[in-house]
Amino acid sequence: MPQFDKIKIPADGKRIAWKGDALEIPDYPIIPVIEGDGIGPDIMRAARRVLDAAVKKIYGGLKKIAWMDIYAGDSAAARYAGNVLPDETVAAIQYYHVSLKGPLTTPVGGGFRSLNVSLRQMMDLYACVRPVNYFAGVPSPVRAPQKMDVVIFRENTEDVYAGIEWAEGSPEAVKVIQFLKDTFGTSIRIDSGIGIKPISITGTKRLVRMAIQYAIKHDRPSVTIVHKGNIMKFTEGAFRDWGYEVAREEFADQTITEDELWSKHDSKIPSGKIVIKDRIADSMLQQILTRTDEYDVIATPNLNGDYLSDACAAQVGGLGLAPGANIGDKVALFEATHGTAPKYANQDKVNPSSVLLSGVMMFEHLGWQEAADAVVAAVGKTIRQKKVTYDLARLMGDIDPLKTSEYATAIIANIT
């Protein structure tokens, strides 16, 4: 067990442990929680109230979350002499296996690297999982937002997010440009910044494997591999090929390709089979608008997944309603998918649904499906009652918005 300096372990909780190849969930699990920066404290307080109320109402005191505050970003800098990501925070997330996190500041350009990316890479949380579906009554820019029901598996550790890059004019950039010219005859402008885009067999196959396993477990009809392999043939094109290899070599009894669907089955999906297909990234961004209900589970490299998940969220009300999780082999970190919105910090104003619904994903991960379903139903009912925060109220018309805390109270009243 790691030794903590600033972190206080709840006396009434027990650690989630691994037994064999599955989590062993106590009735009072210790869940590390990072409030986050900017609006983080406001939305996390609201989310924790709702999650606690759901567990109490559904399980009658037989289960309870033992929250354990840990620190990153501004809250860590204030406690750890300016260190925004202390070692004991990382150790706590790894030791307790399941955590919840608010948004953390990511500087543009200079400054420290993204804490979100750092956490994913340090703990090898290789799958960013983002379900996107619609709550009735939410204003949408599309005609049929109810058709959106996808789960995106975005590779988390490679691609341009690996952070291998050098600034224009730096000795490293000049050296790389000259090396490529001398060795391979490439022509790159000397005033270029340089980045490296790695995509590996290991990173690809474990991500696609998780996506297919999810589709099988949840009875989803298809998995779509999204890539830009027509241009980047040996990175994104390889991602596509390696994805098909996983399906063919490890899930042959449960999957068929889209080509086989048409050539052997006259477009009728055989019972018990999942269709594996692929789409070029730019085409997919169009099709997720025009043929939304043809897609179910999506597996994609890092950058494509970032674009696509936000584009999907826009159809159902925006990032304020979009949950997410970063999952590895033994650690899962559930988080709000939006930023810190510092201009709204401490105003009790912003929609907490993203981090709240990430908490729902956490419940599902724990096997507390009844509590997860209760929160989702209560959020849906609250929105249909037009009891919403300012972001939705301004789109719904002549509605007085609720504060963050008031929205949480309204959801709690609707939990049954």
Side-chain angles (χ1 to χ4, degrees), residues 1-37 40-41 44-45 47-48 51 64-107 111-129 156-158 161-163 202-203 206 210 324-337 340 355 358-359 361-363 365-366:
M1 177 178 175
Q3 298 299 308
F4 298 127
D5 179 23
K6 309 294 186 183
I7 296 172
K8 296 181 180 179
I9 301 172
D12 60 345
K14 291 187 177 180
R15 176 190 177 220
I16 294 172
W18 276 89
K19 188 173 184 179
D21 59 354
L23 287 173
E24 188 174 51
I25 311 297
D27 290 333
Y28 283 28
I30 294 174
I31 302 292
V33 57
I34 298 172
E35 281 196 335
D37 298 329
M44 187 61 77
R45 278 193 296 269
R48 284 166 64 164
L51 296 172
K64 180 183 176 182
I65 295 174
W67 299 105
M68 183 175 78
D69 287 300
I70 62 175
Y71 309 101
D74 294 341
S75 65
R79 291 171 171 83
Y80 298 88
N83 186 355
V84 294
L85 188 58
D87 290 343
E88 69 176 23
T89 292
V90 177
I93 294 170
Q94 292 176 309
Y95 183 71
Y96 289 98
H97 299 299
V98 177
S99 303
L100 184 65
K101 181 181 85 61
L104 294 173
T105 299
T106 299
F112 58 83
R113 285 193 60 207
S114 165
L115 295 181
N116 300 310
V117 174
S118 296
L119 284 166
R120 296 165 191 166
Q121 293 181 342
M122 291 170 69
M123 292 178 283
D124 203 22
L125 305 179
Y126 57 83
C128 179
V129 183
N156 238 353
T157 64
E158 300 186 325
Y161 280 75
T202 300
R206 65 184 182 177
M210 186 182 288
N326 299 292
I327 300 176
D329 289 329
K330 289 194 173 182
V331 176
L333 177 61
F334 298 85
E335 66 174 359
T337 60
T340 58
V355 73
S358 298
M361 293 179 69
M362 183 185 75
F363 281 167
H365 191 72
L366 298 176

#### Entry: Qualifying residues under side-chain hydrogen bond (donor to acceptor under 3.5 Å, both in side chains), relative to Glu88, sequence neighbours excluded
Tyr80

### Task
Could you tell me which non-hydrogen atom of Ala92 sits nearest to which non-hydrogen atom of Pro32, and how far apart they are?
O-CG, 4.0 Å

### Query
Do Pro29 and Val98 have side-chain heavy atoms sitting under 4.5 Å apart?
no

### Query
Which distance, rounded to the nearest 0.5 Å, do you find between the CG of Asp37 and the OG1 of Thr105?
3.5 Å

### Summary
Partner of Gln121 under side-chain contact (heavy atoms from CB on, under 4.5 Å), picked from Asp124, Leu125, Val117, is Val117

### Message
Counting C-beta onward and ignoring hydrogens, is there a side-chain heavy-atom pair between Lys101 and Asn116 closer than 4.5 Å?
### Response
yes

### Task
Answer yes or no: is there a side-chain heavy-atom contact under 4.5 Å between Val355 and Leu100?
yes

### Summary
d(Leu119 CG, Met123 CE) to nearest 0.5 Å is 4.5 Å

### Distance in Å, Asn326 CG paired with Phe334 CZ, rounded so as to fall on 0.5 Å steps
9.5 Å

### Task
Find the distance between OG1 (Thr89) and CG (Leu115) and round it off to the nearest 0.5 Å.
10.0 Å

### Task
Enter the distance from Tyr126:OH to Ile327:CD1 here, rounded to the nearest 0.5 Å.
9.0 Å

### Task
Evaluate the side-chain proximity of Tyr96 to Arg15: yes if any heavy-atom separation is below 4.5 Å, no if none is.
yes

### Atom pair CD1/CE of Ile93 and Met68 - distance to nearest 0.5 Å
9.0 Å

### Query
Between Pro2 and Ala91, which heavy-atom pair has the shortest distance, and what is it?
CB-CB, 4.2 Å

### Message
What verdict does the side-chain contact (heavy atoms from CB on, under 4.5 Å) test give for Tyr28 and Lys14, after you've listed the backbone C-alpha separation in whole Å, the side-chain angles of each residue and the deciding distance to 0.1 Å?
### Response
CA-CA 6 Å; Tyr28 283 28; Lys14 291 187 177 180; 5.8 Å; no

### Task
Only counting residues at least two apart or in another chain, list the ones meeting side-chain hydrogen bond (donor to acceptor under 3.5 Å, both in side chains) with Asn83.
none

### Query
Is it true that atom CG of Asp12 has more than 12 heavy atoms of other residues, nucleotides or ligands lying nearer than 6.0 Å?
yes

### Query
If we only count heavy atoms from C-beta on, is the Glu35 to Pro41 side-chain gap below 4.5 Å?
yes

### Task
List the atom of Met210, the atom of Ala127, and the distance in Å for their closest heavy-atom pair.
SD-CB, 3.5 Å

### Message
How close do Val90 and Met122 get, counting heavy atoms only, and between which atoms?
### Response
CG2-CE, 3.6 Å

Distance-only check: which donor-acceptor pairs under 3.5 Å involve side-chain atoms of residues 70-79, not counting sequence neighbours?
| from | atom 1 | to | atom 2 | distance (Å) |
| --- | --- | --- | --- | --- |
| Ser75 | OG | Ala72 | O | 3.1 |
| Arg79 | NH1 | Ser75 | O | 2.9 |

### Query
What are the two closest non-hydrogen atoms of Gly13 and Ala66, and how far apart are they?
CA-CB, 3.7 Å

### Query
Of the non-hydrogen atoms in Pro103 and Ala336, which two are nearest, and what is the gap between them?
CD-CB, 4.2 Å

#### Entry: Note, His365 side chain near Ile16 side chain (heavy atom, < 4.5 Å)
no

### Query
Are side-chain heavy atoms of Val33 and Ser99 found at a separation under 4.5 Å?
no

